Amino acid sequence: MTKLQHVSDKAAVGLSLLCMVHCLFLPIVLVLLPPLSGALAFNDELFHRWMLYAVVPISSAALLIGYFHHRSNKVLTICLTGLGLLIAATLLGHNVLGKYGEVILTVIGSSIIAYGHLLNYHLRRQCNQADTLKQD
């Protein structure tokens, strides 16, 4: 498995988990440690947009690399669904979804993306092992 394949799925999973941690735990930290609120609570909408700018290209690259190996429409559908939910949560934001709606949609979308990339990684690994066996 090439290094780019390996790193792209792990980066996509890591960024998705970072989104979840931000959405779930940052409010708790801000309530427990109010003096840190200025340093930690930089513009929430801006954070989501920057995360989206990172997640979409990395996820897309990992998906395409994986798809050309395993040709699994299931993985493609799972990841695109997760990306769609994450994009919707970011673009609609607090104004349309409300504070909790945005968090729920972000967590669901991020979870789906992480699952899809783990599946993508697993299927690519299986394909690479099968290719290795064919060569022997």
Side-chain angles (χ1 to χ4, degrees):
M1 187 177 327
T2 68
K3 187 169 180 142
L4 178 61
Q5 293 171 336
H6 186 72
V7 170
S8 61
D9 272 323
K10 286 190 174 190
V13 170
L15 288 170
S16 295
L17 293 176
L18 181 61
C19 279
M20 283 193 288
V21 167
H22 174 263
C23 286
L24 295 175
F25 296 112
L26 185 63
I28 294 168
V29 170
L30 294 178
V31 168
L32 296 176
L33 301 168
L36 295 178
S37 64
L40 294 176
F42 52 91
N43 188 334
D44 198 35
E45 295 297 321
L46 184 61
F47 176 81
H48 284 154
R49 288 203 189 272
W50 279 107
M51 286 302 295
L52 198 62
Y53 295 148
V55 168
V56 170
I58 291 171
S59 287
S60 299
L63 279 173
L64 288 174
I65 292 167
Y67 181 78
F68 290 130
H69 283 171
H70 54 65
R71 303 283 185 197
S72 172
N73 289 329
K74 177 183 175 183
V75 172
L76 205 58
T77 302
I78 289 170
C79 285
L80 290 177
T81 300
L83 282 172
L85 292 173
L86 199 60
I87 290 167
T90 301
L91 295 179
L92 297 175
H94 291 79
N95 297 337
V96 175
L97 299 171
K99 186 174 184 174
Y100 296 114
E102 181 183 15
V103 169
I104 290 168
L105 201 57
T106 299
V107 169
I108 291 170
S110 295
S111 299
I112 292 171
I113 291 170
Y115 171 71
H117 282 290
L118 291 173
L119 187 58
N120 190 45
Y121 177 78
H122 178 71
L123 288 175
R124 278 200 332 244
R125 194 168 171 193
Q126 282 181 339
C127 288
N128 287 338
Q129 288 173 348
D131 289 343
T132 302
L133 291 175
K134 286 179 188 176
Q135 292 174 358
D136 292 338

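Here the structure is a predicted model, which is why all the values come from computation and not from measurement.
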If I compare all heavy atoms of [X] with all of [Y], which pair ends up nearest, and what's the gap?
{"X": "Asn120", "Y": "Ala62", "value": "ND2-O, 3.0 Å"}
{"X": "Glu102", "Y": "Leu97", "value": "N-CB, 3.7 Å"}
{"X": "Ile58", "Y": "Ser8", "value": "CG2-O, 3.5 Å"}

Residues 77-88, side-chain donor-acceptor partners within the protein, below 3.5 Å, at least two apart:
{"from": "Thr77", "atom 1": "OG1", "to": "Asn73", "atom 2": "O", "distance (Å)": "2.8"}
{"from": "Thr81", "atom 1": "OG1", "to": "Thr77", "atom 2": "O", "distance (Å)": "2.7"}

For Tyr67, does the OH atom have more than 12 heavy-atom neighbours from other residues, nucleotides or ligands under 6.0 Å away?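 Atom OH in Tyr67 is packed in, count exceeds 12.
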
Going through the distances and angles, do Lys74 and Leu123 end up as a side chain to side chain contact (heavy atoms under 4.5 Å, CB included)? CA-CA 11 Å; Lys74 177 183 175 183; Leu123 288 175; over 6 Å; no

Distance, nearest 0.5 Å, that separates CD of Gln126 from NE2 of His69: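 Gln126 CD to His69 NE2: 14.0 Å, rounded to 0.5 Å.
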
Could you state the interatomic distance from NE2 (His70) to CD1 (Ile65), rounded to the nearest 0.5 Å?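 Here the rounded value is 10.5 Å.
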
For Phe68, give me all partners under side chain to side chain contact (heavy atoms under 4.5 Å, CB included), at least two apart in sequence or on another chain.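 Result, side chain to side chain contact (heavy atoms under 4.5 Å, CB included) vs Phe68: Leu64, Arg71.
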
